There are 2 protein chains.
Amino acid sequence: MELKYSHKLIIDNVGRFIDLTELEKQKYISLLAEVKVKKKTFLMQAGEITKYEYFITKGCLKVYTLDEDGVPHISMFAVEDYWTGDMASFITKEPSRYFIKATEDSELLGISRANYELLFKEIPKFEKFYRILYQRSLINYIRRSNYGISLTAEERYIEFKRKYPNIINRITQKDLAAYIGITPEFMSKIISKVNRM
Amino acid sequence: MELKYSHKLIIDNVGRFIDLTELEKQKYISLLAEVKVKKKTFLMQAGEITKYEYFITKGCLKVYTLDEDGVPHISMFAVEDYWTGDMASFITKEPSRYFIKATEDSELLGISRANYELLFKEIPKFEKFYRILYQRSLINYIRRSNYGISLTAEERYIEFKRKYPNIINRITQKDLAAYIGITPEFMSKIISKVNRM
DNA sequence: TAAAAGTCTTAAACTAGTTCATTTTTTTTC
DNA sequence: GAAAAAAAATGAACTAGTTTAAGACTTTTA
């Protein structure tokens, strides 16, 4: 049975942590919705209750909040083979504080809350998959929440460049500033300084 | 069957997400090690490969790294009913970069890596427990890594006070500064300013 | 393909947070 | 319970990052 590219990508991703039979793969795929988002349009907006968790098969999106002064703070850039969404809202059913906007034409696979719950009933192995997925994300976030506090903006920029060389040339400097946590003006200074070194 | 207080505490904690039979409770408890740490002594130190994940039944501990200049950065305070350890090292078997030191005489229940893996084999329900536990921690960390970047030190202090009123009066101002991400001197200024308001 | 909108750069004046040094207060230890 | 050690307060000089403003460069859109 031939899988289309996007399904192959998600099955490979899941396959890193658990083994699925052909039947289970079919079942899993049947629970996923295909979503396309054009560049500069929203996958979701603050105020909505998140109905899906997403896996990106193509493109790039930014996940961000706006603070009281309307200044954006980007919490992640999501590209191919990444999972994204607002887990807090997805789980608690409270309105999200996040916007997710495509920075390139993008394609995603979404799982609804109903199907997410069904998945654990039908294929309990997925408890293990998500246990490990969340464990790994947690390790990343713990590291990142320390970086945020203990490194200077310049160090955070160098670290981002080293860790995500494939993402840095797909995003604007302004968005990078909103991720690093500084003004676009100061980002510009840092970049010209680092390039001069 | 009467459980001792510490075991009752951990069984209640687990019971929030999954239901265990009496036999499963006994089995689970048999996989836990009891650990005591005196105030100002280490539960673990950087360089070690973490062998346990811990649940605190009594006391308070701080989890921290030292940066290149030897300045401590506290990533969490763990009190009764909290889970702690260095998950990155526990999972990857790489040396930890964290110290965990008791700030009060403390008592913990630890699960070794071998028993952690055994647990999933013997009581697969625990995949669900950890899936939900990690999911919730993740939600907290995502929130916190945004706070770190988007709030001022004064706002982070007010937020900590509001969220952890039970922890704030058990720790020193110096440790709080190392958690908030500022110098003890500036922490002192913020506190006297906020109290004057 | 021209005009409009958004992004990037540079610079001067400003503010949040640091550093260093000293004194007072609290906690620990024998 | 006195002496020693650690934590907290205060202040002056400093630095990383912000704000505001203006001009140059790039991308988007009609």
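Bear in mind that the values here come from a model prediction, so they are computed numbers and not experimental data.
- Residue B:Thr183 is in base contact, counting any heavy-atom pair closer than 4.0 Å across all strands shown.
- Not a single donor-acceptor pair under 3.5 Å links the side chain of B:Thr84 to the backbone N or O of B:Tyr54.
- A residue-by-residue look at A:Glu185 and A:Thr152 shows that A:Thr152 has its nearest nucleotide of DNA chain D further toward the 5' end.
- Between B:Tyr164 and B:Phe77, a ring centre-to-centre spacing not shorter than 6.0 Å is recorded.
- Ranked by how close their nearest DNA chain D nucleotide is to the 5' end, A:Lys40 and B:Ser188 are led by B:Ser188.
- Atom NZ in B:Lys193 sits about 12 Å away from atom C1' in C:dT15, given to the nearest Å.
- Between B:Met187 atom CE and D:dA6 atom C1' the separation is 18 Å, expressed in whole Å.
- If you take NZ of A:Lys189 and C1' of C:dA13, they are 11 Å apart, rounded to a whole angstrom.
- The one candidate from B:Lys39, B:Arg170, B:Lys58 that meets the side chain to side chain donor-acceptor pair (under 3.5 Å) condition with B:Glu104 is B:Arg170.
- Here D:dT15 presents its P atom at 16 Å from CG of B:Asp69, a figure rounded to the nearest Å.
- Rounded to whole Å, the distance from CG on A:Leu151 to C1' on C:dG17 is 17 Å.
- Atom C1' of nucleotide C:dG6 and atom NZ of A:Lys174 are separated by 7 Å, given to the nearest angstrom.
- We find that CZ of B:Phe186 is positioned 21 Å from P of C:dA21, with the value rounded to whole Å.
- Here the P atom of nucleotide D:dT19 and the CD1 atom of A:Ile182 are 12 Å apart, to the nearest Å.
- For B:Phe120 and B:Tyr130, the gap between ring centers is short of 6.0 Å.
- The side chain of B:Gln173 places no N or O atom within less than 4.0 Å of a non-bridging phosphate oxygen (OP1 or OP2) of C:dT26.
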